Amino acid sequence: MNSLTGRDLKRAGGADVSTSGTNGIVIIGAGQAASQAVMSLRSEGYEGPIRMIGDEAEPPYQRPPLSKKFLAGEIGFDRVELKPVEFYANAGCELLLSTRVAAIERAKKVVLTSDGREIAYDKLIIATGSRVREINVPGFDLEGVYYLRSVADVHEIQKNFKPGAKMVVVGGGYIGLEVAAVAKKHDISVTVLETAERVMARVVDPIVSHFYERIHREEGVIIRTGVTVAGFEGEGGRITHVVSGEGESFPCTFVVVGIGIIPNTELAQDAGVTVENGIVVDEMTRTSDPDIYAAGDCTNHPNGVYGRRLRLESVHNAIEQGKTAAAAITGKDKPYNQVPWFWSDQYDLKLQIAGLSTGYTEAVTRGNPAEGRSFAVFYLKDGVLIAVDAVNRAPEFMMARQLIAKQAKLDPKRLADESISMKEVANA
Ligand SMILES: Cc1cc2nc3c(=O)[nH]c(=O)nc-3n(C[C@H](O)[C@H](O)[C@H](O)COP(=O)(O)OP(=O)(O)OC[C@H]3O[C@@H](n4cnc5c(N)ncnc54)[C@H](O)[C@@H]3O)c2cc1C
């Protein structure tokens with residue numbers, strides 16, 4: 001095996017001021033957190049070699065558009081990639097794409113790629129993200145059953161957007177519902193099957209779930225809750241029906257499964273790095289190995305706002321941990337300790353979620369979710385604001401983010417009263 005070192009690399013701006021040894025930094029994964037780490041390493045002044053190893057063919061790109069405008073065909077890859085490919089060369093970051101890391105050998109401080117290379121590091125960032133949870137029912141391998149995680153998945157799904165197409169979405173989470181909204185725009189008949197009693201049950205309150213069920217139905221989507229998928233049936237190897245546990249049969253020309261993700265932690269686990277529902281990191285993204293950092297979907301990290309550990313699946317989390325890892329590696333401690341936030345676009349609706357509502361004692365609604373398309377739900381725990389779900393309510397969302405960070409105590413009556421501005425509510 002070849003052992004490649006930092007000396008082999010093209011250097012940034014001609015300088016060679018590696019802060020720690022000559023092998024530089026290796027990043028496993030070429031996604032949101034990885035791309036941010038490269039940008040932040042350079043802006044924090046790191047001048048040594050950087051190598052990013054990703055198993056996808058594309059340079060790092062944003063995943064949110066994959067279930068929104070990119071799936072709809074409204075934007076191309078140039079609007080999805082995080083930086084043009086030349087950026088990485090100019091930043092002195094060598095991109096090894098279509099390359100999978102098979103193992104980390106901590107004692108030798110090398111990573112092994114599946115094509116047999118051995119790449120040495122001084123510091124390693126694991127930014128391997130997550131993968132889709134697969135459905136394990138009879139017929140799972142029929143043609144026409146898709147998942148959505150990558151650009152390649154989008155291309156496959158889009159081939160099915162044809163006149164007369166019938167899509168069944170398995171899973172009424174935000175990805176499934178976003179795909180449903182896009183498919184509706186393409187005049188495809190859509191049925192969403194959700195096992196829970198309401199859609200998006202894992203992430204939002206019943207008020208918000210019922211609002212989205214109403215909107216999707218108004219848009220012509222069939223939403224079925226409390227339905228468990230028991231199998232897929234097909235003809236000639238291609239799916240024709242989804243069958244429920246109750247024996248109901250749903251005809252379709254294709255299926256998109258969106259039933260959650262699994263963090264990619266196996267590399268860390270096999271190398272003996274501590275993993276517990278994600279790679280365990282501290283607020284500086286340090287793992288149990290002092291030379292290894294981890295960022296993004298694959299981590300389990302402490303959050304001071306809520307006083308507990310979290311594993312998050314969001315762009316904000318990936319960006320902030322990418323920044324924190326870069327700062328920590330360059331000797332500047334910038335702890336990641338923020339209010340989590342997230343968004344989902346469906347039709348003309350922008351859902352913005354800040355904070356975590358788990359354990360709330362009161363939900364306060366501002367606006368009317370039973371009519372129209374704009375409202376916010378605030379979650380209070382013993383009077384303190386802990387989370388907000390805002391639909392087409394950017395001002396409420398922005399204000400709530402700040403108030404959650406401050407652990408502000410709010411008057412529920414004033415919060416619900418739309419004649420009082422959010423600023424006045426906050427200043428009371
Ligand atoms: C369809 C979709 C819609 C989304 N919408 C939103 C949204 O609206 N808002 C929001 O906040 N978040 C959204 N997310 C989530 C968000 O995109 C992720 O949280 C974010 O991409 C996580 O960044 P990451 O860097 O941790 O992982 P990723 O961006 O997934 O990057 C990880 C990369 O590592 C690669 N990799 C894994 N293992 C290896 C290995 N052994 N060797 C080499 N490479 C490896 C993976 O293939 C991947 O390319 C969405 C996700 C999806 C899939």
Side-chain angles (χ1 to χ4, degrees), residues 26-38 51-72 80-82 95-104 111-115 117 119 124-133 146-154 157 171 173-179 181-182 200 203 256-258 260-271 278-279 281 285 294-299 301 311-323 325 340-346 349-354:
V26 169
I27 306 175
I28 310 178
Q32 187 88 51
S35 169
Q36 183 60 53
V38 173
R51 269 200 181 142
M52 187 194 283
I53 309 169
D55 59 2
E56 291 184 74
E58 298 83 9
Y61 59 86
Q62 312 166 57
R63 291 184 201 279
L66 304 189
S67 48
K68 306 175 182 78
K69 288 189 171 174
F70 186 68
L71 178 65
V80 175
E81 65 184 356
L82 283 156
L95 274 182
L96 288 97
L97 299 177
S98 305
T99 304
R100 191 161 177 77
V101 172
I104 303 167
V111 301
L112 307 179
T113 63
S114 46
D115 57 0
R117 276 179 286 177
I119 300 173
L124 181 67
I125 302 176
I126 305 177
T128 44
S130 49
R131 60 182 180 277
V132 294
R133 184 180 295 280
Y146 303 97
Y147 295 86
L148 180 45
R149 180 81 201 166
S150 66
V151 162
D153 295 335
V154 170
I157 293 171
Y174 67 87
I175 289 185
L177 294 180
E178 288 179 352
V179 172
V182 170
M200 295 196 288
V203 284
V256 176
V257 181
I261 58 112
I262 298 171
N264 290 323
T265 57
E266 290 78 2
L267 275 181
Q269 178 128 29
D270 294 347
I279 302 170
V281 295
T285 71
D297 279 12
C298 63
T299 70
H301 58 275
R311 183 173 65 71
L312 297 173
E313 301 153 20
S314 77
V315 165
H316 169 244
N317 177 59
I319 290 177
E320 294 305 319
Q321 285 194 314
K323 288 181 189 169
W341 67 271
F342 188 81
W343 77 96
S344 172
D345 298 333
Q346 297 167 40
L349 307 172
K350 181 166 278 298
L351 168 64
Q352 292 169 298
I353 301 176

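The basis for the numbers below is simple: all heavy atoms, side chains too, and nothing from hydrogens, waters or symmetry mates. None of the values given here were measured: they were computed from a predicted structure. Both counts, for ligands and for their atoms, begin at 1 and track the order of listing.
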Can you tell me how far the [atom1] atom of [X] sits from the [atom2] atom of [Y], to the nearest 0.5 Å?
| X | Y | atom1 | atom2 | result |
| --- | --- | --- | --- | --- |
| Leu112 | Arg117 | CG | CZ | 12.0 Å |
| Asn264 | Ile279 | CG | CD1 | 8.5 Å |
| Thr285 | Lys323 | OG1 | NZ | 13.5 Å |

contact_flag Gln62 ligand 1 heavy-atom lt 4.0 Å: no

Please confirm whether Thr99 approaches ligand 1 to less than 4.0 Å, judged on its heavy atoms. yes

Closest non-hydrogen protein atom to [atom], residue and atom name please, with distance?
| atom | value |
| --- | --- |
| atom 8 (O) of ligand 1 | Lys68 NZ, 2.6 Å |
| atom 20 (C) of ligand 1 | Asp297 OD1, 4.0 Å |
| atom 41 (N) of ligand 1 | Val101 O, 3.0 Å |
| atom 31 (O) of ligand 1 | Gly31 CA, 3.3 Å |
| atom 1 (C) of ligand 1 | Ser67 OG, 3.5 Å |
| atom 35 (C) of ligand 1 | Asp55 OD1, 3.4 Å |
| atom 14 (N) of ligand 1 | Tyr174 OH, 4.1 Å |
| atom 49 (O) of ligand 1 | Glu56 OE2, 2.5 Å |

Note: Thr128, heavy atoms under 4.0 Å from ligand 1, region reported as both

Evaluate Val111 against Leu267 for side chain to side chain contact (heavy atoms under 4.5 Å, CB included), listing each step before the verdict. CA-CA 10 Å; Val111 301; Leu267 275 181; over 6 Å; no

Below 3.5 angstrom, do we get any N/O pair linking [X] and ligand 1?
| X | result |
| --- | --- |
| Trp341 | no |
| Ile28 | no |
| Ala33 | yes |
| Ser314 | yes |
| Trp343 | yes |
| Arg149 | yes |

According to side-chain hydrogen bond (donor to acceptor under 3.5 Å, both in side chains), who are the partners of Ser35, at least two apart in sequence or on a separate chain? Tyr88

Starting from the C-alpha separation in whole Å, work towards a yes-or-no answer on side chain to side chain contact (heavy atoms under 4.5 Å, CB included) for Ile104 and Ile126. CA-CA 10 Å; Ile104 303 167; Ile126 305 177; 3.8 Å; yes

For Lys68, is there any backbone N or O sitting under 3.5 Å from a side-chain donor or acceptor partner on Glu178? no

Any sub-3.5 Å donor-acceptor pair from Thr99's side-chain atoms to Ile53's backbone N or O? no

Do the side chains of Leu312 and Phe342 get nearer than 4.5 Å, heavy atoms only? no

Could you list the donor-acceptor pairs under 3.5 angstrom formed between side-chain atoms of residues 56-66 and any protein atom two or more places apart in sequence or on another chain?
unit_1	atom_1	unit_2	atom_2	d
Glu56	OE1	Tyr61	OH	2.4
Glu56	OE2	Arg63	NH2	2.8
Tyr61	OH	Arg63	NH1	3.2
Tyr61	OH	Val151	N	3.0
Gln62	NE2	Arg79	O	3.3
Gln62	NE2	Val80	O	3.3
Arg63	NH1	Arg149	O	2.6

The test is side chain to side chain contact (heavy atoms under 4.5 Å, CB included); show your working for Lys69 and Asp345 and say whether it passes. CA-CA 9 Å; Lys69 288 189 171 174; Asp345 298 333; over 6 Å; no

Any idea which of Gln36, Glu58, Arg63 brings a heavy atom closest to atom 29 (O) of ligand 1? Arg63

